[in-house]
Q: 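Just passing along the structure, written as structure tokens.
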Amino acid sequence: MSPPVAPPGWSRWLVPPAALSVHLSIGQAYAWSVFKPPLESALGLSGTQSALPFQLGIVMLGLSAAFGGTLVERNGPRWAMTVALICFSSGFLLSALGAATEQYWLIVLGYGFVGGIGLGIGYISPVSTLIKWFPDRPGMATGIAIMGFGGGALIASPWSAQMLESFGSDSSGIAVAFLVHGLSYAVFMTLGVLLIRVPRADQGARGGVESAATAAGARSAPTDPQVSANQAIRTPQFWCLWVVLCMNVTAGIGILEKAAPMITDFFANTSTTVSASAAAGFVALLSAANMAGRIGWSSTSDLIGRKNIYRVYLGVGALMYGLIALAGDSSKPLFILCALVILSFYGGGFATIPAYLKDLFGTYQVGAIHGRLLTAWSTAGVLGPLIVNWIADRQEEAGKDGSSLYTLSLFIMIGLLAVGFVANELVRPVHPRHHLPVPAQKEKEVADVE
């Protein structure tokens, strides 16, 4: 499937909606916590067990992005979006079968393994294309698309809760909800597959309205280093950013994965308890913050720089976790406000990382480099939920309840963010010995045009 080239006059502003159709769909992963309590009740699972499909999905996201990144660069965004559509929708259909037959391993296989491949390929599918369409504002461009992944739960969380209420929260009701998800997302993601385009030689920084000379100048300006994906992973900069992303994601994803039961548990012993519908609303609020942070903070990074914005994500994020840990269940508004800020930083970190990579390594194979870096997400997808769920289960076995189930986890997250802060401070420009020779860069530009 050859990448579809935009015709003359094609507006670059049609590309972000194509990316959003895929990212809003696969962003359903952040609404998994809505399914946790029904699955635990229907199938007799622990909190740690019910997190397994989500954890495996995030692991497969990182691995498929890492191993598929070069294929995405070679085959183009339409191929990648098609693969993502097939895998993500099939994962839900397999999960529906697993719920209907009460075979939990099928849910793990479908949602976690097959669907996780769709998550990874779909996540990186538009990144390189968007950076080529928006070389003047890479942070904003990737933020627009990647905010869809953060905002997917804003739609999926209340929608899933409503379906479980309508169809029932037993195994058959969960199966119907999974089935509806799979079919609906297949239709929606098809829109992105049909709409996506890559820029022609005479298109670029102004979306096809400028002259060929202007666009060519924008594409060939030797302002950035160009580093191959294989060379990038040999640099300390890549591994510093790997640690930064892993720590930031671990600190956020553990709470996000358990958001609905967590807020219910946190205020269970207070006069302001949280109902299941209110908990689903909290998940939707977190999704909104996640989404807003992806476009807001990544656009801010175009103004203040990538390193400075990660100082905010990691430093202020640690402060927010500290406030939650110290305040406990004494203030629900403070808990919600801090959680929203944390999730905005969590989303902003994801949306800013492609532009950070572009600044350090250039646009040559930024999609493939981004894919390799997402193995940090795979690691965090295991660590975050494992830390929060395992500690909560152990604390519950020890007779504790309420906010005390999560206090230790919150302090661990503060430590992880501190590690990420130090790693960000160690990032320096890539040494010229890792750069591609100028003739190779020119050769690549000619190949892109052809």
Side-chain angles (χ1 to χ4, degrees), residues 16-39 53-54 57-58 61 81 84-85 87-93 95-96 111 115-116 118-119 122-123 125-126 143-167 169 173-195 252-253 255-260 263 275-296 336 339-340 343-344 346-348 350-351:
L20 275 172
S21 72
V22 173
H23 274 241
L24 280 170
S25 299
I26 63 177
Q28 183 281 334
Y30 284 143
W32 177 253
S33 64
V34 175
F35 286 103
K36 280 172 63 68
L39 282 170
F54 176 83
I58 298 302
L61 185 157
M81 289 181 176
L85 184 160
C87 291
F88 189 65
S89 296
S90 298
F92 267 113
L93 299 183
S95 297
Y111 191 93
L119 288 177
Y123 189 86
S125 61
I144 289 174
I146 292 176
M147 78 173 180
F149 193 89
L154 187 62
I155 300 169
S157 180
W159 182 34
S160 300
Q162 183 58 50
M163 281 196 287
L164 290 171
E165 186 176 330
S166 301
F167 303 141
S169 57
I174 295 170
V176 176
F178 282 155
L179 178 63
V180 173
H181 273 306
L183 297 177
S184 300
Y185 286 134
V187 173
F188 193 56
M189 292 171 76
T190 299
L191 298 176
V193 172
L194 297 176
L195 189 61
I253 204 168
I255 291 177
L256 186 58
E257 180 272 338
K258 200 175 173 67
I263 192 171
S275 65
S277 59
F282 175 64
V283 175
L285 272 178
L286 292 181
S287 178
N290 191 351
M291 180 174 64
R294 289 172 188 243
I295 181 62
I336 294 173
L340 292 177
L343 264 294
S344 78
Y346 170 82
F350 276 121

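All values derive from a computational prediction rather than experimental measurement. In this chain, numbering begins with 1 at the start of the sequence shown.
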Q: When you measure from the side chain of Ser90 to the backbone N and O of Cys87, does any donor-acceptor pair fall under 3.5 Å?
A: no
Q: Measure the CE-OG distance between Met291 and Ser344 for me, rounded to the nearest 0.5 Å.
A: 12.5 Å
Q: As an exercise, state the distance from OH of Tyr185 to CD1 of Ile155, rounded to the nearest 0.5 Å.
A: 7.0 Å
Q: I need the minimum non-hydrogen distance between Tyr346 and Gly252, along with the two atoms involved.
A: CD1-CA, 3.8 Å
Q: Find the distance between OG (Ser33) and NZ (Lys36) and round it off to the nearest 0.5 Å.
A: 8.0 Å
Q: Give me the atom names and distance for the closest heavy-atom approach of Leu285 to Leu340.
A: O-CD2, 3.4 Å
Q: Roughly how far apart are Leu195 CG and Thr190 OG1, rounded to 0.5 Å?
A: 12.5 Å
Q: With a 4.5 Å cut-off on side-chain heavy atoms, are Leu39 and Trp32 touching?
A: yes
Q: To check you understand the geometry: which heavy-atom pair defines the closest contact between His181 and Ser160, and what is its length?
A: NE2-OG, 2.9 Å
Q: Can you tell me how far apart CG (Leu119) and NE2 (His23) are? Round to the nearest 0.5 Å.
A: 10.0 Å
Q: Keeping Ser125 on the side-chain end and Met81 on the backbone end, is there a donor-acceptor pair under 3.5 Å?
A: no
Q: Where do Ala156 and Gln28 come nearest, in terms of heavy atoms and distance?
A: CB-CG, 3.6 Å
Q: For the pair Val22 and Phe88, evaluate side-chain contact (heavy atoms from CB on, under 4.5 Å) and give the outcome as yes or no after the intermediate values.
A: CA-CA 10 Å; Val22 173; Phe88 189 65; over 6 Å; no
Q: Can you name the nearest heavy-atom pair linking Phe188 to Ser25, along with the distance?
A: CD2-OG, 3.2 Å
Q: Looking only at heavy atoms, which two atoms of Pro38 and Leu164 are closest? And how far apart?
A: CG-CD1, 3.8 Å
Q: Could you go through the ring-ring contact (aromatic ring centres under 6.0 Å, His included) check for Phe178 and Phe35 one step at a time?
A: CA-CA 10 Å; Phe178 282 155; Phe35 286 103; 4.9 Å; yes
Q: Assess the pair Phe350 and Phe149: is the distance between their ring centroids shorter than 6.0 Å?
A: no
Q: Taking atom CG of Leu85 and atom CD1 of Ile26, what is their separation to the nearest 0.5 Å?
A: 11.0 Å
